[in-house]
Participant: 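Take a look at the following structure, please.
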Amino acid sequence: MSTGDSLPKQRYNAGLAAQIEAKWQDRWETQRTFEAPNPAGPLAEPHKIAGRDKLFILDMFPYPSGAGLHVGHPLGYIATDVYGRFKRMTGFNVLHALGYDSFGLPAEQHAITTGVHPRENTESNIANMRRQLRRLGLAHDARRSVSTTDEAFYRWTQWIFLQVFNSWCDERTGKARPIAELIAEFASGKRDTGGTPWASMSSSERKQLVNDHRLAYLADAPVNWCPGLGTILANEEVTAEGRSDIGNYPVFKRNMRQWTMRITAYSDRLLDDLERLDWPESIKIMQRNWIGRSEGARVRFSSRAGDIEVFTTRPDTLFGATFMVLSPEHPLVDSLTTTDQQRAVHAYRAQAAATAEADRQSDTRNKTGVFTGATATNPVTGTEIPVWIADYVLMGYGTGAIMAVPSGDERDFAFARTYSLPIVATQMPPDSWFAAHKIAPTDDCSTWPNAFVGEGTYVNSRNDSLTLDGLTDMATAKSRTNEWLAANNVGQAAITYKLRDWLFSRQRYWGEPFPIVYDEDDMPVSVPDALLPVTLPELVDFKPQALDPNDEVTDPIPPLARRNDWVQVEMQVHDPITGELRPRTNMRREINVMPQWAGSCWYELRYLDPTNAAAFVDKEVERYWMGPQTKGHTGGVDLYVGGVEHAVLHLLYSRFWHKVMFDLGHVSSEEPFHRLFNQGYIQAYAYRDARGQTVPASDVTERDGAYFYEGEKVAREYGKMGKSLKNIVTPDEMYDEYGADTFRLYEMSTGPLDASRPWNTRDVVGMQRFLQRVWRNLVDEDTGALTVSNDACPDALLRTLHVTIDGVRRDMDGLRFNTAIAKLIELNNSLTKHAEATGSTPRVVAEALTQMLSPLCPHLANELWERLGRTDEITYSPFPVADPALLVT
RNA sequence: GCCCGAGUGGCGAAAUGGCAGACGCGACGGACUCAAAAUCCGUUGCCUGAAAGGGUGUGUGGGUUCGACUCCCACCUCGGGCACCA
């Protein structure tokens with residue numbers, strides 16, 4: 001169709017939108033419209049700050065993928081942009097920027113297959129994404145865009161790592177302190193070393209003792225080792241058969257020496273401070289469950305291999321413990337196992353090692369296990385009870401061993417039933433329970449259909465010095481048992497967390513090198529601040545070194561090990577104990593790199609002060625943007641928007657680092673993100689042909705509710721937008737077909753921000769028509785002349801305007817952009833009726849409508865504002881305020 | 001499996017204890033046009049009825065309430081996370 005000639009010259013369509021958008025994007029850049037003033041430092045403009053409140057808005061920064069952006073990415077970015085623009089119009093000094101989380105596996109994989117250096121690939125991906133984002137018209141301060149791979153950035157990632165490494169958590173205050181203070185306490189005798197006195201310790205022993213207290217420490221941790229690929233694998237990369245997803249090589253679960261972050265020392269603070277955050281309740285619940293604090297007791301059972309310590313949340317049921325179960329990985333298994341059980345135990349351990357952890361925790365799976373042949377003594381009854389191993393007991397939780405009370409725990413009950421182990425009831429369930437299960441209270445508990453986990457009257461729970469019998473209150477029964485355990489030196493009340501310490505090293509190339517060298521005792525030593533950053537050495541081959549696929553014992557050889565000239569180093573370092581600075585030869589660099597989480601744990605702080613070479617962030621600048629706003633306020637980013645997929649890991653790791661920085665006095669905020677909002681995902685339809693192959697969604701047509709590709713019928717499904725489903729829609733296509741403003745409006749209109757929704761290109765035109773109608777109400781499509789008059793506005797229209805202002809203001813504040821847009825459409829529809837009747841638009845409505853639209857479609861609004869003859873910047877013009885007198889009908 | 005969400009017209013949704021379906025898409029009808037596109041106007045949950053009207057309806061089954069899309073319980077389906085994808 002060639003229709004261009006007959007269209008009105010000044011119709012608002014993709015062509016006109018493109019002109020307008022390019023014009024304003026250029027103008028914003030040259031006029032530096034969105035640069036946010038700092039109170040101090042190189043970006044300081046104190047006169048611009050006076051009398052304004054600040055607002056720090058943050059998006060979860062993207063990974064610069066080779067595919068660029070698809071229309072799913074900008075959902076959150078547009079929302080924060082609309083909110084930030086709205087807040088600017090209500091007087092806030094808004095900081096909004098976007099950087100790149102640019103270390104990570106895809107660039108490394110790309111480098112392995114193509115030989116192109118990850119930096120090159122990463123930089124071209126960033127350039128492409130910057131171009132795509134610029135066309136969206138985001139009001140970002142470009143000076144503050146940082147990438148985690150910039151040396152000027154990761155210099156400070158390394159510096160923060162050293163802060164963590166050179167700290168310990170003082171158990172008396174629960175706060176991090178410099179490690180030098182711990183050394184001083186040991187040296188002065190103020191703190192007991194728990195063994196050899198400090199003065200008699202060798203240098204190596206002292207370093208080891210101190211290392212054992214550091215917040216970043218080396219420890220053996222279980223990993224999925226795939227020698228055939230030469231790498232450690234994520235659980236998701238391991239198949240159900242315990243082989244690698246790629247290449248189908250064997251995978252071994254084994255311990256390996258890894259950098260580990262002592263996040264568990266912060267469990268209680270991470271848990272308690274959730275109360276003080278403005279986060280969705282569901283995310284708080286997920287974090288609480290992840291931390292998984294449970295109160296109970298540790299109890300020691302004696303055995304021929306020594307004491308076996310268990311953690312239980314139900315010490316009150318100790319009298320019903322009729323057997324014990326150890327995790328197959330438990331260190332005492334070897335010494336416990338009797339000769340005749342060795343084969344069975346060995347076979348079972350091998351099988352457990354090949355089972356995914358999620359499956360091991362499954363409640364519905366049949367319980368499996370093996371008897372070790374050994375027994376242990378129940379401390380309250382004195383009875384010898386059998387010791388088993390079973391994969392439903394995990395080494396990573398509690399002590400890796402449990403006392404099994406089949407009458408009071410469903411899993412233990414199932415296990416006892418499977419292996420005919422004894423069941424002793426320690427609580428008499430209420431009659432209603434028996435009635436519900438259609439059994440009699442006189443029936444033996446081994447005939448019960450399942451365990452009883454509620455509160456009942458204690459029975460069979462008595463020895464010479466402890467009696468629970470007759471009690472009905474669980475709390476009393478627990479505390480009495482705990483007191484008895486402590487008095488008899490066989491246990492004590494204890495708290496356990498599901499949270500585990502954070503595995504922090506990767507055997508990869510494309511990550512931050514650790515600022516660590518090893519000395520002659522093989523002890524880690526900080527690289528001095530003056531020598532940061534430790535830059536990534538150049539490599540030609542990025543591939544991990546593959547080994548014999550069955551070589552379970554050799555350690556992985558990370559890519560950095562290839563650069564022996566880099567690994568071996570002479571350096572002036574501070575002695576970890578004395579602090580004395582002296583040159584050392586024969587030092588060896590750490591050859592692991594940090595995980596991708598590292599940069600994302602603190603990037604928001606660098607936005608504040610991106611060029612600071614003396615500190616990761618200036619203290620005054622941090623206090624201005626992130627400091628607590630009232631007493632008891634945690635401080636932190638004012639609004640953080642991102643996907644719910646980061647609910648636990650990223651959001652817990654960054655909270656931990658931030659708290660360490662707070663304890664050490666480097667930041668004034670206790671939490672990184674005060675308010676959190678999770679946006680939904682954009683999903684998309686995908687289509688498969690009769691052979692089950694996905695076909696390009698863009699070429700599928702609909703007829704009578706059925707879908708066709710090249711004349712053949714295809715089946716529709718629904719999934720996350722991505723390359724594999726061939727259902728990607730790029731923002732570039734939308735810019736070209738409709739313009740950025742229409743695209744922005746469409747993304748904001750399709751539903752509430754926190755809901756996922758399918759992408760439907762067909763629907764975009766609705767927002768284009770809306771903008772077209774707005775344009776036509778103010779501008780003559782044929783001549784381009786303004787059709788706005790200064791005549792008085794009729795009362796009814798004025799009332800509609802003020803009701804709209806009132807609603808839109810509240811919707812924008814509450815991030816309800818979809819309903820704000822609906823209200824603006826209604827206002828414009830009223831305006832259309834008026835304009836049709838009178839031939840002109842009242843200026844008061846035209847200006848207010850333009851202003852209310854400007855956060856949502858800023859290019860169009862700026863253009864209309866200028867055509868309305870306004871010479872002030874609409875970006876900083878005051879958002880309309882409703883007159884209460886005009887709200888009553 | 002465990003933890004967290006979500007299910008409302010043909011589709012995206014609105015209403016969050018008080019008239020279910022605002023607004024948009026699509027569809028249908030009309031205006032403009034030689035015609036079409038674009039644009040504009042109107043109708044549009046479903047069943048029934050010529051109409052007025054009547055009936056019915058927020059995943060399923062129960063419950064609380066004068067009143068439930070909204071609160072509670074159970075179930076089903078879908079999405080997210082499960083620690084080396086980020």
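Throughout, protein chains are lettered first and strands after them, A, B, ... in sequence-line order, and every chain is numbered starting at 1. Just so it is clear, the values below take in all heavy atoms, side chains as well, and ignore hydrogens, waters and symmetry mates.
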Participant: Rounded to whole Å, please give me the gap between CG in A:Leu771 and P in B:C23.
Facilitator: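 Interatomic distance, CG of A:Leu771 to P of B:C23: 18 Å.
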
Participant: Please give the distance between the P atoms of B:U16 and B:A6 as a whole number of Å.
Facilitator: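 Comparing P positions in B:U16 and B:A6 gives a spacing of 16 Å.
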
Participant: Using side-chain hydrogen bond (donor to acceptor under 3.5 Å, both in side chains), reason through A:Arg757 and A:Thr750 one step at a time and then give a plain yes or no.
Facilitator: CA-CA 7 Å; A:Arg757 70 292 299 266; A:Thr750 50; 2.8 Å; yes

Participant: Using a heavy-atom cut-off of under 4.0 Å over every strand shown, decide if A:Leu649 touches base, sugar-phosphate, or nothing.
Facilitator: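 Contact class for A:Leu649: base.
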
Participant: Considering only the C1' atoms, how many Å lie between B:A15 and B:G45, rounded to the nearest integer?
Facilitator: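 B:A15 and B:G45 have their C1' atoms separated by 15 Å.
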
Participant: Over all strands shown, is A:Asn13 touching base, sugar-phosphate only, or nothing at heavy-atom distances under 4.0 angstrom?
Facilitator: nothing

Participant: Expressed as a whole number of angstroms, how long is the span from A:Phe770:CZ to B:C25:P?
Facilitator: 12 Å

Participant: If you write RNA chain B from 5' to 3' in dot-bracket form, with Watson-Crick or G-U pairs under 3.5 Å, [ ] for crossing pairs and | for pairs with another strand, what do you get?
Facilitator: (((((((..(((.....[....)))((((((.......))))))((((....))))..(((((..]....))))))))))))....

Participant: Within the pair A:Asn818 and B:A14, is there a side-chain N or O less than 4.0 Å away from OP1 or OP2?
Facilitator: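 Result: yes.
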
Participant: Just how far, in rounded Å, is C1' of B:C85 from CG of A:Leu229?
Facilitator: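 That distance rounds to 16 Å.
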
Participant: Take A:Thr787 and A:Asp780 through the side-chain hydrogen bond (donor to acceptor under 3.5 Å, both in side chains) test and state the conclusion after the steps.
Facilitator: CA-CA 6 Å; A:Thr787 56; A:Asp780 186 295; over 6 Å; no

Participant: What contact category does A:Asn224 fall into here, base, sugar-phosphate, or nothing, at under 4.0 angstrom with non-hydrogen atoms?
Facilitator: nothing

Participant: Can you work out whether A:Glu826 or A:Ile285 has the more 5'-proximal nearest nucleotide on RNA chain B?
Facilitator: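 So the residue in question is A:Ile285.
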
Participant: Can you tell me if A:Tyr100 and A:Asn125 form a side-chain donor-acceptor pair at under 3.5 Å?
Facilitator: no

Participant: With rounding to whole Å, what would you report as the distance between B:G30 and B:G53 at their C1' atoms?
Facilitator: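 Between the two C1' atoms, the distance is 27 Å.
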
Participant: Nearest-Å distance, CH2 (A:Trp597) to C1' (B:G81)?
Facilitator: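 So the two atoms are 10 Å apart, to the nearest Å.
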
Participant: Answer with yes or no whether the side chains of A:Gln258 and A:Thr260 bring together a donor and an acceptor at under 3.5 Å.
Facilitator: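 Judged by distance alone, the side chains do not pair up.
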
Participant: Identify whether any heavy atom of A:His650 sits under 4.0 Å from a base atom; if not, whether one sits that close to sugar-phosphate; answer base, sugar-phosphate or nothing.
Facilitator: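 The residue A:His650 makes no contact with any strand.
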
Participant: Please identify which of these residues, A:Phe817, A:Trp759, A:Phe770, meets the ring pair (Phe, Tyr, Trp, His ring centres under 6.0 Å) condition with A:Tyr746.
Facilitator: A:Trp759

Participant: Report all interatomic pairs (protein N or O, nucleotide N or O of nucleotides 38-43 of chain B) with separations under 3.5 Å.
Facilitator:
{"residue": "B:A38", "atom": "O2'", "partner": "A:Arg11", "partner atom": "NH1", "Å": "3.0"}
{"residue": "B:U39", "atom": "O3'", "partner": "A:Arg776", "partner atom": "NH2", "Å": "3.2"}
{"residue": "B:C40", "atom": "OP1", "partner": "A:Arg773", "partner atom": "NH1", "Å": "3.3"}
{"residue": "B:C40", "atom": "OP1", "partner": "A:Arg776", "partner atom": "NH2", "Å": "3.0"}

Participant: Are the side chains of A:Trp259 and A:Glu590 in touch, meaning some heavy atoms are under 4.5 Å apart?
Facilitator: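 The answer is yes; the side chains approach within 4.5 Å.
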
Participant: Under 3.5 Å, is there a donor on one side chain and an acceptor on the other for A:Thr819 and A:Asp811?
Facilitator: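 The answer is yes; a qualifying pair exists.
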
Participant: In whole Å, what separates the P atom of B:C40 from that of B:G24?
Facilitator: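 It works out to 11 Å between them.
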
Participant: Using whole Å, what does the distance between atom P of nucleotide B:A13 and atom NZ of A:Lys823 come to?
Facilitator: 17 Å

Participant: Let me know, please, whether A:Tyr653 or A:Arg816 comes out on the 5' side of the other along RNA chain B by nearest nucleotide.
Facilitator: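 Taking each residue's closest nucleotide, the earlier one in sequence belongs to A:Arg816.
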
Participant: Has A:Arg655 got its NZ or CZ under 6.0 Å from the middle of the six-membered ring of A:Trp279, at an angle within 45 degrees of the ring axis?
Facilitator: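 Here A:Arg655 passes the 6.0 Å and 45° test against A:Trp279.
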
Participant: Rounding to an integer number of angstrom, what distance separates B:U44 and B:U65 when you compare their C1' atoms?
Facilitator: 35 Å

Participant: Which value, in whole Å, describes the distance between the P atoms of nucleotides B:A51 and B:C41?
Facilitator: 27 Å

Participant: Identify whether any heavy atom of A:Pro106 sits under 4.0 Å from a base atom; if not, whether one sits that close to sugar-phosphate; answer base, sugar-phosphate or nothing.
Facilitator: nothing

Participant: Compute whether any side-chain donor of one residue and acceptor of the other, for A:Asp412 and A:Tyr392, lie under 3.5 angstrom apart.
Facilitator: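 Yes, side-chain donor-acceptor contact under 3.5 Å.
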
Participant: Under 4.0 Å between a side-chain N or O of A:Arg500 and OP1 or OP2 of B:A83?
Facilitator: no

Participant: Which of parallel (below 30°), tilted (30 to 60°) and perpendicular (above 60°) describes A:Trp602 and A:Phe153?
Facilitator: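 Parallel.
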
Participant: Would you mind reading off the distance between A:Ile112 atom CD1 and B:C85 atom P, rounded to a whole angstrom?
Facilitator: 14 Å

Participant: Which nucleotide in the set B:G12, B:C84, B:A15 lies at the smallest distance from any side-chain heavy atom of A:Arg757?
Facilitator: B:G12

Participant: For nucleotides B:A74 and B:C3, find the distance between their P atoms and express it as a whole number of Å.
Facilitator: 12 Å

Participant: If you look at every strand shown and take non-hydrogen atoms under 4.0 Å, does A:Ser600 touch a base, only sugar-phosphate, or nothing?
Facilitator: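 It contacts nothing in the nucleic acid.
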
Participant: Which part of the nucleic acid, if any, lies within contact of A:Ser749, taking any heavy atom under 4.0 Å across all strands shown: a base, the sugar-phosphate backbone alone, or nothing?
Facilitator: nothing

Participant: Does the distance from a Lys or Arg side-chain N to an Asp or Glu carboxylate O, for A:Arg810 and A:Asp806, drop under 4.0 Å?
Facilitator: yes

Participant: Indicate whether the side chain of A:Ser294 and that of A:Tyr397 have a donor and an acceptor atom separated by less than 3.5 Å.
Facilitator: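 Distance-only check passes for A:Ser294 and A:Tyr397.
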
Participant: From C-beta outward on A:Met286, which listed nucleotide comes closest to its side chain: B:C11, B:G5, B:G80?
Facilitator: B:G80

Participant: Identify whether any heavy atom of A:Lys498 sits under 4.0 Å from a base atom; if not, whether one sits that close to sugar-phosphate; answer base, sugar-phosphate or nothing.
Facilitator: base

Participant: With under 30° as parallel and over 60° as perpendicular, where do the rings of A:Trp657 and A:Trp502 fit, or are they tilted in between?
Facilitator: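 Answer is tilted, since the angle falls between 30° and 60°.
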
Participant: If you go through the side-chain atoms of A:Gln683, does one of them form a donor-acceptor pair with the base of B:C78 closer than 3.5 Å?
Facilitator: no

Participant: Touch check for A:Ala822, heavy atoms < 4.0 angstrom, all strands: base, sugar-phosphate only, or nothing?
Facilitator: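 Base contact - A:Ala822 has a heavy atom under 4.0 Å of at least one base atom.
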
Participant: Give one of base, sugar-phosphate or nothing for A:Leu499, where a contact means two heavy atoms less than 4.0 Å apart.
Facilitator: base

Participant: Using whole Å, report how far CD of A:Gln287 lies from C1' of B:G5.
Facilitator: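 Computing the A:Gln287:CD to B:G5:C1' distance gives 16 Å.
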
Participant: Is A:Leu233 touching bases, backbone alone, or none of the nucleic acid, heavy atoms closer than 4.0 Å?
Facilitator: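 Touches sugar-phosphate only.
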
Participant: What is the nucleic acid contact for A:Gln109, judged by heavy atoms within less than 4.0 Å: base, sugar-phosphate only, or nothing?
Facilitator: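 Nothing: the residue A:Gln109, judged by heavy atoms under 4.0 Å, touches no strand.
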
Participant: Distance check, C1' atoms only: B:G10 and B:G1, in whole angstrom units.
Facilitator: 37 Å

Participant: Would you classify B:G30 as syn or anti? Syn applies when the glycosidic angle is within 90° of 0.
Facilitator: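 Anti conformation here, the glycosidic angle of B:G30 being more than 90° from 0.
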
Participant: Tell me the interatomic distance from A:Met767, atom CE, to B:C25, atom P, rounded to whole angstroms.
Facilitator: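 Those two atoms, CE and P, are 7 Å apart.
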
